[in-house]
Amino acid sequence: MKVSELIAKLQAAPPSARVLFLAEYADVSESDEIWTIEIPLEPWTFERGVAYGGAYELCYPGLAAERGAEYSKVVVSAERVVVLSSGPTNFKYWPGDLK
């Protein structure tokens, strides 16, 4: 999701509504309120390809990782991200981000 899509969806939300985070496959009772929003200064690596017989996509800080022979059709790009968290993270310890 891009920030523009998030903003468009939030336009319909009441300004007093709480923002929650629900992890993939979690039960709705496991939702957590968003407490932190981080906007890294440096772009992250967005990677997609095929590994171990299935497609994958992931996003991580830093340069593209070296991949073994089990990976194919790997495409990487640098993208800006916004990190939403429901609690403490190790964000402030990531190298390359100037806080």
Side-chain angles (χ1 to χ4, degrees):
M1 174 177 280
K2 302 288 185 181
V3 170
S4 60
E5 295 169 300
L6 176 61
I7 290 171
K9 294 217 178 246
L10 289 175
Q11 299 245 346
S16 61
R18 292 191 186 274
V19 179
L20 302 178
F21 176 78
L22 186 62
E24 188 174 15
Y25 302 115
D27 184 80
V28 292
S29 65
E30 298 173 295
S31 64
D32 291 310
E33 186 170 355
I34 296 296
W35 288 95
T36 304
I37 298 174
E38 300 286 355
I39 304 172
L41 297 174
E42 300 295 325
W44 283 27
T45 298
F46 178 74
E47 177 178 316
R48 70 175 58 164
V50 176
Y52 303 99
Y56 76 95
E57 290 186 351
L58 53 103
C59 195
Y60 51 89
L63 300 175
E66 292 290 323
R67 299 294 177 200
E70 58 276 355
Y71 289 81
S72 64
K73 301 179 183 177
V74 176
V75 177
V76 298
S77 60
E79 296 197 14
R80 294 292 310 270
V81 300
V82 173
V83 179
L84 305 177
S85 174
S86 58
T89 70
N90 67 351
F91 181 84
K92 65 183 177 182
Y93 302 112
W94 289 332
D97 281 311
L98 305 174
K99 298 290 260 176

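These numbers come from a predicted model, not from an experiment.
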Margin query: Just to verify, what does Glu57 make a side chain to side chain contact (heavy atoms under 4.5 Å, CB included) with, not counting sequence neighbours?
Written below: Phe46, Arg48

Next item on the list: Please name the pair of heavy atoms, one in Ser86 and one in Asp32, separated by the smallest distance, quoted to 0.1 Å.
Entry: CB-CB, 3.2 Å

Note to self: Hydrophobic clusters here meaning ILVMFWY residues chained together by side-chain heavy-atom distances under 4.5 Å, can you tell me if Ile7 and Val19 are in one?
What the structure shows: yes

Item checked: Polar side-chain atom of Arg80 near backbone of Pro40 as donor-acceptor pair, under 3.5 Å -> yes

Check: Linking Ile, Leu, Val, Met, Phe, Trp and Tyr through side-chain heavy atoms less than 4.5 Å apart, which residues share a cluster with Tyr71?
Finding: Tyr52, Tyr56, Leu58, Tyr60, Val74, Val76

Taking distance alone, no hydrogens or angles, what donor-acceptor pairs closer than 3.5 Å link side-chain atoms of residues 20-27 to residues at least two apart or in another chain?
residue	atom	partner	partner atom	Å
Asp27	OD2	Ser29	N	3.0
Asp27	OD2	Ser29	OG	2.6

Next item on the list: Scan residues 61-73 for pairs that pass salt bridge (charged side-chain N to carboxylate O under 4.0 Å, His left out), counting only residues two or more places apart or in two chains.
Entry: Glu47-Arg67

Checklist line | Contacts of Lys2 that satisfy side chain to side chain contact (heavy atoms under 4.5 Å, CB included) - sequence neighbours left out | finding: Ser4, Glu5, Glu79

Next item on the list: Report the residues that fulfil side chain to side chain contact (heavy atoms under 4.5 Å, CB included) with Val82, sequence neighbours left out, ordered by chain and then residue number.
Entry: Val3, Ile37, Ile39, Leu84

